[in-house]
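Numbered from 1 within each chain, the chains take letters A, B, ... in sequence-line order.
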Protein chains: 2
Amino acid sequence: MRNIRNPDKAIAGYPLTAQRQRLLELIRNAGGHIDAKELYRRASSADTSISLATVYRSLRLFQELGLVDEQRLGWSSHHYEIRSHAEHQHFVCHECGRVIEFQTPLIGKLVRSIQQEQGFNVTRTEFYLEGQCRQCCKDKREDI
Amino acid sequence: MRNIRNPDKAIAGYPLTAQRQRLLELIRNAGGHIDAKELYRRASSADTSISLATVYRSLRLFQELGLVDEQRLGWSSHHYEIRSHAEHQHFVCHECGRVIEFQTPLIGKLVRSIQQEQGFNVTRTEFYLEGQCRQCCKDKREDI
DNA sequence: TTAAGTGCAAAGGCTTTGCAGCATA
DNA sequence: TATGCTGCAAAGCCTTTGCACTTAA
């Protein structure tokens, strides 16, 4: 498929091509987080001609438009998710590999207090945890 | 220089070769944080034959022995620092590029409360901030 | 016609690995 | 002699870039 645009639709002035539309959908449907390779794999199953370059270029565009957030959760590759209104943090489980989102109001408080104490102007906060999730902790206890 | 060991010294049973000794020293002297490439550059100035592979292999060994911590501060390359007893966090300044360490007792509290609330077993915490440091904020105000 | 998106292939940056040689025990 | 560290080169992985083609305005 080559550069087919949908003239009725656009994202922030940029044409919503078939490729971009599908990629956005796939990220939405991914639920949690998806990396470029997996996104490419899923997109390829519907359109075998899509290129990895387009995936990366689209991801970058989506980020610039604020549609998608890039997460670096300590893996080799970046993960992407639809930007949500609600601030949330991530927990990566080493056992089952799941990425669990959770909220804590304390993190905002913490950053504000550091900002004040240290005199920083904070423009980006990176906070995530790794370990075993509730379910995996439970499974382990039951194994014994 | 090829594989010259110092029989008097060892780190946790592993021979402290001249290369490892120099690399450890360089990381110590780096003060804050250093990446593999810069470490290699500095090591090369004293020993032109040292290889980047040795740098990476040594860094991995140091990590396994708990001598060095790997930091992923959102850059493309990892940064390394001597492991310190005191827990601390990192702030990366976008203006001057400096990595500033700071402490806050709240982060431990925060993690403990999340652990309890969510039922996670947390084995690793990643928390760092980006923005403008105190000095750069000040310089900017004075520019006006 | 012009500007922009795409696929393809190549290149880029960071890191790891295979291999032969050498040092130590 | 056996183990393991080293340098070198090659490969690996993730990501970006150059180029020619194609589409829409």
- Message: Salt bridge or not between A:R83 and A:E81? Use side-chain N to carboxylate O under 4.0 Å.
- Response: no
Measure from [atom1] on [X] to [atom2] on [N] and round the result to the nearest Å.
{"X": "A:Q19", "N": "D:dT23", "atom1": "CD", "atom2": "C1'", "result": "11 Å"}
{"X": "B:Q71", "N": "C:dC14", "atom1": "CD", "atom2": "P", "result": "18 Å"}
{"X": "B:D35", "N": "C:dG13", "atom1": "CG", "atom2": "C1'", "result": "12 Å"}
{"X": "A:I50", "N": "C:dA9", "atom1": "CD1", "atom2": "P", "result": "16 Å"}
{"X": "B:Y56", "N": "D:dC8", "atom1": "OH", "atom2": "P", "result": "16 Å"}
{"X": "A:L16", "N": "D:dA24", "atom1": "CG", "atom2": "P", "result": "13 Å"}
{"X": "A:Q63", "N": "D:dT15", "atom1": "CD", "atom2": "P", "result": "11 Å"}
{"X": "A:R20", "N": "D:dA24", "atom1": "CZ", "atom2": "P", "result": "13 Å"}

message: Below the 4.0 Å mark, does C:dT15 have OP1 or OP2 next to a side-chain nitrogen or oxygen of B:H78?
response: yes
Name the closest nucleotide to the [X] side chain, picking from [options].
{"X": "A:A36", "options": "D:dT16, D:dT15, D:dT6", "value": "D:dT15"}
{"X": "A:T17", "options": "C:dG5, D:dC8, C:dG7", "value": "C:dG5"}
{"X": "B:S77", "options": "C:dC14, D:dT15, C:dT17", "value": "C:dC14"}

Checking only heavy atoms, does the side chain of A:R57 share a donor-acceptor pair with the base of C:dG7 at less than 3.5 Å? yes
Of B:T54 and A:L52, the one whose nearest nucleotide on DNA chain D sits closer to the 5' end is B:T54
Exercise. Quick one: do the A:N29 and A:E25 side chains pair a donor with an acceptor below 3.5 Å?
Worked result: no
Just by distance, with hydrogens left out, do A:H79 and A:H90 show a side-chain donor and acceptor under 3.5 Å apart?
no
Handout entry: Min side-chain heavy-atom separation A:Q89-A:T104 under 4.5 Å
Key = yes
Review point. Quick one: does B:Y80's side chain have a donor or acceptor within less than 3.5 Å of a partner on B:E70's backbone?
Key: no
